[in-house]
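Working notes, structure below.
Each chain gets a letter, A, B and so on, in the order its sequence line appears, and its residues count up from 1.
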2 protein chains.
Amino acid sequence: MTNTKVYLEIVKQLRAMISADDLKSGDKIPSERELSERLNVGRSSVREALRALELLGLIETRRGEGTFIRDFRGNQLVQLLGTFILQDEKAKLDVIETKNLIEMDFLRLVLDRADEKELLKLKSLVEADQLNDDQFFNQLVEMADNYLFSRIWLILKDYYNSLNLSKAEYNRNSLLLLIEALVEKDEEKTFSAYRQLRNLSIFTDKY
Amino acid sequence: MTNTKVYLEIVKQLRAMISADDLKSGDKIPSERELSERLNVGRSSVREALRALELLGLIETRRGEGTFIRDFRGNQLVQLLGTFILQDEKAKLDVIETKNLIEMDFLRLVLDRADEKELLKLKSLVEADQLNDDQFFNQLVEMADNYLFSRIWLILKDYYNSLNLSKAEYNRNSLLLLIEALVEKDEEKTFSAYRQLRNLSIFTDKY
DNA sequence: GAGATGGGTGTGGTCTGACCACTAAAAACA
DNA sequence: TGTTTTTAGTGGTCAGACCACACCCATCTC
């Protein structure tokens, strides 16, 4: 009769509930016992759903207080997935390639729509060593103003970091060159600087 | 005393177990009751861990049979995240933009590494009306040989389709033009044809 | 009156035991 | 030997019981 597992149904209901009540980050959701009653299911089933969502980083539970919607951005699950999964070499290469491709997409977006003032501000921060390459890309991604894509990038970055590759040392000059190119809206120079920053000797001209 | 929640500890243990026994996709893991005994925890806690991993797509359970390792690489988690998130209009625009960007990345990849014969074969299929644009892009994505990126694209396409946008009619001529450009390895022509295919009057020259 | 104290209540965290539904393999049967 | 039935094992779900903790608020103390 019940083809769908109860806990999945609860996940669904929760989603609907969140949508209907327009719950946002930090808001509280009904207690486990209340959900159990309201949905006519056992509390353990409710818990299975909540624990799953918790592991996904979608909710946060605080003993004695309740369960709350979470700011999705930092999902530790990815880290878990990373260590859990990425086994074969091909997968690793895929991660690297995908991350690079997406970062270059961001560069294109910024080339197209970025504010010069903002870029100059970032430049001065880099020059003052108050911003490293990682932080810079975070800013860049934000500048591109595409939340979904930025989320994908964040996840990829987590994957990437979980690969434990030998880290290329931070090359401030390449980064400054990159910013310069962005300011000048010079596409070719931008990607050249990017390749240099990421040590992409493999990526010749097409990228 | 027990600062870490039991179910998280179980997830950890499972990971170690899988690693130690070198379990791979399709392999069976111990039953809930056995895990419960072996780890000295309640079965409900074991279930919370398993359900979470199941929602993540890491394991698969079959009633009456057991619990099995799953092919990890496809992360449906993003799908779930998406359905949780995609609410406002801006998010929709992000989906469209991201999908387009990624598809163009695939075009670049194919431009760089695709086999001409394969392309010609696809061309003849399109000409014979045995392949529409959607199916063509599926082939294209496969050709690019990046599993992770293709998964991301598939998910995006699902998002995209769930937006219920007015569908542009299938334009075979644009598609043929696109393939032609790919065969000729003409980047500019390729993107021009792509824009035409997707009706991207907005995307002027930068993309 | 202001502050400290301490239950009371509600919440998540966990365990146990009990069924049910289903599967696959063993046992009984023909 | 081939079929049917039984049985043991597995996940699915529920109900109830405690525990640990956080918060509120009446009460006590100064």
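At least one cation-pi condition fails for B:Arg198 and B:Phe191: the charged atom is not both under 6.0 angstrom from the six-membered ring centre and inside a 45 degree cone around its axis.
Here side-chain hydrogen bond (donor to acceptor under 3.5 Å, both in side chains) pairs that include residues 117-127 of chain A, with residues two or more places apart or in two chains, number zero.
Considering only residues two or more places apart in sequence or on other chains, A:Glu34 meets the side-chain hydrogen bond (donor to acceptor under 3.5 Å, both in side chains) condition with A:Arg38. Under the salt bridge (Lys or Arg N to Asp or Glu O under 4.0 Å) criterion, A:Lys99 pairs with A:Glu103, not counting sequence neighbours. Residues that satisfy the salt bridge (Lys or Arg N to Asp or Glu O under 4.0 Å) test with B:Asp115, not counting sequence neighbours, are absent from this structure. For A:Asp134, the salt bridge (Lys or Arg N to Asp or Glu O under 4.0 Å) partners are A:Lys157, not counting sequence neighbours.
One interatomic measurement links the two molecules: CD of A:Glu32 to P of D:dT13, which rounds to 16 Å at whole-angstrom precision.
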Do any N or O atoms of the protein come closer than 3.5 Å to N or O atoms of nucleotides 14-18 of chain D, and which pairs are they?
from   : atom 1 : to      : atom 2 : distance (Å)
D:dC14 : OP2    : A:Gly42 : N      : 2.9
D:dC14 : OP2    : A:Ser45 : OG     : 2.7
D:dC14 : O5'    : A:Gly42 : N      : 3.3
D:dA17 : N6     : A:Arg43 : NH1    : 3.4

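Ranked by how close their nearest DNA chain D nucleotide is to the 5' end, A:Gly64 and B:Glu34 are led by B:Glu34. Nearer to the 5' terminus of DNA chain C, by closest-nucleotide assignment, is the contact made by A:Gly66 (compared with the other of B:Tyr7 and A:Gly66). The residue among A:Glu48 and A:Glu65 whose nearest nucleotide of DNA chain D is located toward the 5' end is A:Glu48.
When the side-chain nitrogen and oxygen atoms of A:Arg62 are compared with OP1 and OP2 of C:dG12, none of them lie within a distance under 4.0 Å. Distances shown here put a side-chain N or O of A:Arg51 below 4.0 Å from the OP1 or OP2 atom of C:dG13.
Residue B:Arg63 places its side chain closer to C:dA21 than to any other of D:dA22, C:dT23, C:dA21.
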